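What follows is a short report on a single structure.
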Amino acid sequence: MKIVLTSAVLAVLAAGNVCAFQQPRGLSFGRPATSLRVATGEPDVTAAAAANDDDNEEGEVVRKDDYEVFGRHSRPTSFATKCATLYHPNRGAERGVAPPVYFGSTFLLDDAAHGARLHEKREAPYTDSDGFVYSRWGAPTNEAAAFQIAALEGVDDPATGLGKCLLFNSGMCAITSSLMSVLKAGDHAIFPFTVYGGTHEFAENFCKEWGIEVTYVDAAGRDGPENYRKAFRENTRVVYTETPANPTMRLTDLEGVGRVVDEHYGKGVDTPGTDPHDRKRPWVMVDGTFATPYHQRVLDIPGVDVSIHSATKYLGGHSDILAGSVTSRSEPFLHGCSKVQKLITVPLNPMDSFLLARGLRTLDVRMQRHGENAIKVARMLETHPAVDRVFYPGLDSHPDRDMADSIFGSGVDDDAEDDEIRQTYGGMVTFIMAGEDEVALQRARNVCEYLSVINLAVSLGGVESLIEHPASMTHGMIPREQRLAGGLPDGLIRLSVGLERARDLVEDLRSALDRCDEDGCDVPPEN
């Protein structure tokens, strides 16, 4: 891309006059600079040299360099104008090891034609060489964090197919944006019985009210794909999965789901520039929040179109942000999702984008520790007489144990040596208290309230351990009959195992379990 400076600016440079803003030294003309300052010294001659290069290719978009754009403005002399003027750091600020946080809501334009081009562009996750225009349509810090998640999802490799990521201000925002991108009145969507409470609430309270038909199926285990197949209709537009399921930890055979969708509807054909509603094959979406790309790169599975994460959880990892991500290789879907984000939902703000990117840098080591702690906790729970059942994919007793090793990748690269592989199964453990109905319900509440190391709080995936009782908390909005059908009994407890010392967590849980009869529950003595 060529940079052309106006004759007026070049005249200023030749005369040695001081402009309001100086071009940063070492500016690469292939991309815009990222920092500017009020000028106090001599301008760089590189800009003038670039102006003499007159072999621009016909039809190529010519961007003005930052010096020319800022050079339009005179040095402020009044106090009020100095207060309102844009001052930037010297060149070199972009070499900070940590990427900067760009809080700007709007961006300077080259000229009116530049603004017109930006407003005419087809909505997409990332900006192109024309740069940014308004933060609701794309912002630098948000985009940088999105690049990183896209890389973790495996859509940064041309050999396997490139894709892009969008970041939202919550996991629910990511889920609803994905669904709104492709569903309209008269369409049909299939969800699993065991699905996050917010997803269920959106399907019931919004999708149905908007004229979208909703069906629920048992998606767990080897029978899951066939259960989806039985629910297929001519107007099915979304096949939604959540694996591992929240909170039961049941697994879905995603390869099987992709296969039955292909067999019934044919393989999806995505033509760039088309509307996502035009596609006849349903969009297969996966909420993989519990596993993260450390364990599960779902877009590498044939037939899967969309990967969704509540980045509030493990990706952020510190319980200090709300965020969600949506990643895909489909240009029509990404266009539709970008339009929903632009007009209805909200992109992730700059500060939370920065915090998310910071959390991502330790995802590999955090997930390893989560898994190492979780298996120790799960084994203790399995032996306690107050516990009826434990659901953890690393236990032999898990109903989907035969699927677990192939699903939980443990951050292992294709070229890893055997001594580099340390198999883990995530940090989420679910267990059911012994007893029927009200007895199990009271025991579960007692355990949650008697803990002194583990925190009673919703959410998951942080460095600290969190425990909650879904029947009275996160899944309380789901009717009991449907909750039971999805494998969520009254005595079920969900535990997000953190990075504390494993022995501390085990002792804390054992102590609370031993006391769960203090309100009258009859727990057999431990052998």
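This one's a predicted model, so the numbers in the text were calculated from it and none came from an experiment.
- Qualifying ring-ring contact (aromatic ring centres under 6.0 Å, His included) partners for H200, counting only residues two or more places apart in sequence or in other chains: Y216.
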**Request:** Begin from the C-alpha positions of L495 and E468 and carry the test side-chain contact (heavy atoms from CB on, under 4.5 Å) through to its verdict.
**Result:** CA-CA 7 Å; L495 171 62; E468 67 112 354; over 6 Å; no

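- The closest side-chain heavy-atom distance from V261 to V284 is below 4.5 Å.
- N227 contributes a side-chain N or O that, together with a main-chain N or O of D218, makes up a donor-acceptor pair within less than 3.5 Å.
- Residues D490 and H469 approach most closely at O-NE2, 2.6 Å, considering heavy atoms.
- At least one donor-acceptor pair under 3.5 Å links the side chain of S170 to the backbone N or O of C173.
- Counting heavy atoms from C-beta outward, V346 and R136 have side chains that stay 4.5 Å or more apart.
- Across A311 and I321, no two heavy atoms sit closer than the pair O-CD1, 4.2 Å.
- Going from atom CD of Q482 over to atom OG1 of T194 covers 9.5 Å, rounded to the nearest 0.5 Å.
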Margin query: Could you walk me through whether F103 and M351 satisfy the side-chain contact (heavy atoms from CB on, under 4.5 Å) test, starting with their C-alpha distance in whole Å, then the side-chain angles of each, then the deciding distance to 0.1 Å, before giving a yes or no?
Written below: CA-CA 8 Å; F103 285 109; M351 191 67 235; 3.9 Å; yes

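- For the 3.5 Å distance criterion, the side chains of D320 and H318 fail to qualify, holding no donor opposite an acceptor.
- Between R401 and D405 there is a salt bridge, since at least one side-chain N of the basic residue sits less than 4.0 Å from a carboxylate O of the acidic one.
- The CG atom of D223 sits 7.5 Å away from the NZ atom of K230 when rounded to the nearest 0.5 Å.
- Residues I149 and L315 come closest through the heavy atom pair CD1-CD1, 4.1 Å.
- When side chains are defined from C-beta on, V217 counts as touching I190, because their heavy atoms get closer than 4.5 Å.
- Residue L395 holds its CG atom at 9.0 Å from CG of L381, rounded to the nearest 0.5 Å.
- When atom types are taken as modelled, the side chain of T252 and the backbone of A219 share a donor-acceptor pair closer than 3.5 angstrom.
- Salt-bridge check for E331 with R122: passed, with a basic side-chain N closer than 4.0 Å to an acidic carboxylate O.
- Residues that satisfy the ring-ring contact (aromatic ring centres under 6.0 Å, His included) test with F333, not counting sequence neighbours, are W283.
- Crowding of F206 atom CZ: a count of heavy atoms from other residues, nucleotides or ligands under 6.0 Å not exceeding 12.
- Counting only N and O atoms by type, the side chains of H309 and S325 include no donor and acceptor under 3.5 Å apart.
- The main-chain N or O of G288 is never found under 3.5 Å from a side-chain atom of S307 such that the two would form a donor-acceptor pair.
- Annotation for T424 and Q368: closest pair CG2-NE2, 3.5 Å, computed over non-hydrogen atoms.
- Side chain of R445 to backbone of A440: no donor-acceptor contact under 3.5 angstrom is found.
- Here F202 and W210 bring their ring centres to under 6.0 angstrom of each other.
- In this structure, E226 pairs ionically with R229, as a charged nitrogen and a carboxylate oxygen lie closer than 4.0 Å.
- Annotation for K184: atom NZ counts as buried by contact number, over 12 foreign heavy atoms lying within 6.0 Å.
- At a threshold of 4.0 Å, the pair D437-R480 counts as salt-bridged, since one of the basic side-chain nitrogens sits closer than that to a carboxylate oxygen.
- Counting heavy atoms from C-beta outward, I454 and L466 have side chains that stay 4.5 Å or more apart.
- Residues satisfying the side chain to side chain contact (heavy atoms under 4.5 Å, CB included) criterion with V412, sequence neighbours excluded, are S410, A416, I421.
- The neighbour count for R117 CZ, taken as heavy atoms of other residues, nucleotides or ligands under 6.0 Å away, is above 12.
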Apply ring-ring contact (aromatic ring centres under 6.0 Å, His included) to residues Y126 and F147 and explain how you reach the verdict.
CA-CA 9 Å; Y126 307 153; F147 287 160; 4.6 Å; yes

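- No more than 12 heavy atoms of other residues, nucleotides or ligands lie within 6.0 Å of CD in E255, so this atom counts as exposed by the packing criterion.
- The side-chain heavy atoms of V239 and V257, taken from C-beta on, include a pair separated by under 4.5 Å.
- M249 has its side chain within reach of P393: a pair of non-hydrogen atoms, C-beta onward, lies under 4.5 Å apart.
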- What do the steps show when you test R233 against E213 for salt bridge (Lys or Arg N to Asp or Glu O under 4.0 Å), and what is the final call? CA-CA 10 Å; R233 301 178 187 173; E213 301 170 12; 2.3 Å; yes

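- A heavy-atom distance below 4.5 Å is not found between the side chains of V429 and F391.
- Rounded to the nearest 0.5 Å, atoms CZ (R443) and CZ (R515) are 15.0 Å apart.
- A cation-pi arrangement is not found for R281 relative to Y265, the charged atom failing to lie both closer than 6.0 Å to the ring centre and inside a 45° cone about the ring normal.
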Query raised in the report: Does the side chain to side chain donor-acceptor pair (under 3.5 Å) test come out yes or no for S177 and T345, once each step is laid out?
Result: CA-CA 7 Å; S177 297; T345 56; 2.9 Å; yes

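- Although no hydrogens or angles enter the test, the distance criterion places no donor-acceptor pair under 3.5 Å between the side chain of Y294 and the main chain of F408.
- H119 places a side-chain N or O within donor-acceptor distance of the main-chain N or O of G115, the cut-off being under 3.5 Å.
- Taking the side chain as every heavy atom from C-beta outward, W137 and E123 never approach each other to under 4.5 Å.
- The nearest pair of heavy atoms linking P244 to Q296 is CD-NE2, 4.4 Å.
- When only modelled atom types and interatomic distance are considered, E242 and T199 share no side-chain donor-acceptor pair under 3.5 Å.
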Quick one: do V387 and I432 satisfy side-chain contact (heavy atoms from CB on, under 4.5 Å)? Show the steps, please. CA-CA 6 Å; V387 177; I432 302 173; over 6 Å; no

Audit row: D300, R297, salt bridge (Lys or Arg N to Asp or Glu O under 4.0 Å) steps and yes/no: CA-CA 6 Å; D300 288 345; R297 296 203 322 192; 2.9 Å; yes

Would S465 and V453 satisfy side-chain contact (heavy atoms from CB on, under 4.5 Å), going step by step from the backbone distance to the final call?
-> CA-CA 8 Å; S465 293; V453 176; over 6 Å; no

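- For the side chain to side chain contact (heavy atoms under 4.5 Å, CB included) criterion with R329, the lone passing option out of V304, T160, V306, D305 is T160.
- To the nearest 0.5 angstrom, T141 atom OG1 is 9.5 Å from N349 atom CG.
- From T215, atom OG1 reaches atom CZ of F193 across 9.5 Å, with rounding to the nearest 0.5 Å.
- Heavy atoms from other residues, nucleotides or ligands lying under 6.0 Å from NZ of K208 number more than 12.
- Across all their heavy atoms, F107 and G138 have their closest contact at CE1-O, 4.2 Å.
- Of the candidates D187, I212, V238, I212 is the only one forming a side chain to side chain contact (heavy atoms under 4.5 Å, CB included) with C207.
- Taking the six-membered ring for Trp and the full ring otherwise, the centers of H370 and Y314 sit less than 6.0 Å from each other.
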